[in-house]
There are 2 protein chains.
Amino acid sequence: MTVPQLNTGKTMTDQFFLKIRTYTDLTTEAETAWAALLKEKTCHKGDNYISVGQIPKKVAFVTKGLFSQYYIDDNGETIIKYFFPEGRIAGSIPATLTQSESLFTITALEETTVLEYNFAEFKKLVFTYPDIARFYIRYLEQHWIIDKEPYEVSLRSDAAKVRYAAFLHKYPDLVKRLKKHHIAAYLGITPTQLSRVFGYSK
Amino acid sequence: MTVPQLNTGKTMTDQFFLKIRTYTDLTTEAETAWAALLKEKTCHKGDNYISVGQIPKKVAFVTKGLFSQYYIDDNGETIIKYFFPEGRIAGSIPATLTQSESLFTITALEETTVLEYNFAEFKKLVFTYPDIARFYIRYLEQHWIIDKEPYEVSLRSDAAKVRYAAFLHKYPDLVKRLKKHHIAAYLGITPTQLSRVFGYSK
DNA sequence: CGGCTTTCTCAACATATGTAAAGGTTTTTC
DNA sequence: GAAAAACCTTTACATATGTTGAGAAAGCCG
């Protein structure tokens, strides 16, 4: 069971299930079973929630703060795959599903509080409660299929300047919380190049 | 119901469910219900199974042949996102899920026979038969999460030469069936560049 | 406050890849 | 089987982006 913790008048668990219900409604039994898996955790700025090479067991719903998921390529460049701000479920999912070493590190860019839960336990609930299965399917479809497509297309066919403009437009709030080099690493360019296209366009 | 059609001694439907059972076993009732949705279709080389701008309703299990899924970017370049050879389920899934216009065209690179089914009808089965839900979840996890990760990483951090070598290694059978410009379009480079890295390394 | 680190920008140069065009080969088509 | 189309490679040139290094600004820390 989670410890009540006020946050705009809601416990973290309330905040969690409010988000979950935007995908699909859950029965009380399902919600109770899921709630029993949740555990609060805090990551200080700079802490790694998951490190490269680790075999992850848990995923984390971000209630406050910001994670980035990144890896270092052969040339020593940092490449950021995702940002996980409030309301997102952070995890190294491929590694968690296959129980293999994570290719990515997930690190806190800000003081970050999460509600974490064991993913294998969650998967058991998926096959026990049809409404949790329904949630999981919606979640997978939304984030792994629908949301990813425009970014993947842009990454392959747009110049850095266009990708930067799209990022500014899509994540105006995130932009303020990130350093330029984080954005560059997400767009797949160097800070130098970002500075160039930024300078020309502004 | 599908028309029996010999193919190494199996009907196309047999071939389909053999593949499905590699994800999870189905009850007889579930299989029967799903089988009722299947319909054979043939695409001649050059035919589009789905065209850009179309709102797709169906997906297609490829029993014989090869599809590519591509789009034309602002500069008129063809960009190939996937190949669908035998045993893969081809579709413009983001557009099908959201019932919006497909960003991609799916076209037959060879004479291709498929077993197609209405995706919304299939989704009803997902929420009726727990074993079909289990299949669908496994399928989403495998193809949309696990399989995609290495390619996405490579696309962002490896030079064209490395990506080409990885492609040769991973799809030795596909390579023989594709033109070089198809491979180039998949790797995100021009045929000219592919010819350069191919020439130097061979 | 003062120094230290991080961040950001800029310049000069290097490089991978794109563009365009040509020629030779292979494949398709009738 | 001949004509046409598609494909592949190569060359010369163009360009976006990377690399390195320097310096200025901003943030952090003792």
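These numbers were taken from a predicted model, which means no experiment stands behind them. Labels below follow one simple rule: chain letters A, B, ... track the order of the sequence lines, proteins then strands, and each chain is numbered from 1.
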(message) Between A/S157 (side chain only) and B/D73 (backbone N and O only), is there a donor and an acceptor less than 3.5 Å apart?
(response) no
(request) Output yes when B/E152 and A/K148 qualify as a salt bridge under the 4.0 Å nitrogen-oxygen rule, no when they do not. (result) yes
(message) Per the salt bridge (Lys or Arg N to Asp or Glu O under 4.0 Å) rule, what does the pair list look like for residues 172-193 of chain A, sequence neighbours excluded?
(response) A/E86-A/R177, A/E110-A/R177
(request) May I have the distance from A/K45 (atom NZ) to C/dT6 (atom C1'), rounded to whole angstrom? (result) 11 Å
(message) With no hydrogens and no angle check, just 3.5 Å: does a side-chain donor-acceptor pair link A/T63 and A/T113?
(response) yes
(message) Does anything in residues 178-189 of chain A come within less than 4.0 Å of DNA chain D? Heavy atoms only, and list the residues if so.
(response) A/G188, A/I189
(message) Looking at B/E121 and B/K124, is there a salt bridge between them, counting it only when a charged N and a carboxylate O are closer than 4.0 Å?
(response) yes
(message) Please encode protein proximity along nucleotides 19-24 of chain C as a string of B, S and -, counting only heavy-atom distances under 4.0 Å.
(response) BB----
(message) Rounding to an integer number of Å, can you tell me how far B/R177 CZ sits from D/dC7 C1'?
(response) 19 Å
(request) Could you tell me, to 10°, how much the axis swings from one end of the helix from C/dC1-D/dG30 to C/dC30-D/dG1 to the other, five pairs per end? (result) 50°
(message) Tell me whether A/R134 forms a cation-pi arrangement with B/F127, defined as NZ or CZ under 6.0 Å from the six-membered ring centre and within 45 degrees of its axis.
(response) yes
(request) Measure the distance from CZ on B/R156 to P on D/dG18 and round it to the nearest whole Å. (result) 12 Å
(request) Determine whether the side chains of B/H143 and B/Y82 contain a donor N or O and an acceptor N or O closer than 3.5 Å. (result) no
(request) Please report, rounded to the nearest Å, how far the P atom of D/dC8 is from the CG atom of B/L194. (result) 9 Å
(request) Could you tell me the separation between the CG atom of B/D158 and the C1' atom of C/dA16, rounded to a whole number of Å? (result) 14 Å
(message) If I take atom NZ in residue B/K176 and atom C1' in nucleotide C/dT26, what distance separates them, rounded to the nearest angstrom?
(response) 20 Å
(request) Any salt bridge (Lys or Arg N to Asp or Glu O under 4.0 Å) involving residues 182-195 of chain A? Give me the pairs, sequence neighbours left out, ordered by first then second residue. (result) none
(request) Decide whether A/N48 and A/T105 meet the rule of one side-chain donor and one side-chain acceptor closer than 3.5 Å. (result) no
(request) Could you verify whether a donor N or O on one side chain and an acceptor N or O on the other, from A/Y136 and B/E141, lie under 3.5 Å apart? (result) yes
(message) Using the salt bridge (Lys or Arg N to Asp or Glu O under 4.0 Å) criterion, which residues pair with A/E116? Sequence neighbours excluded.
(response) A/K58
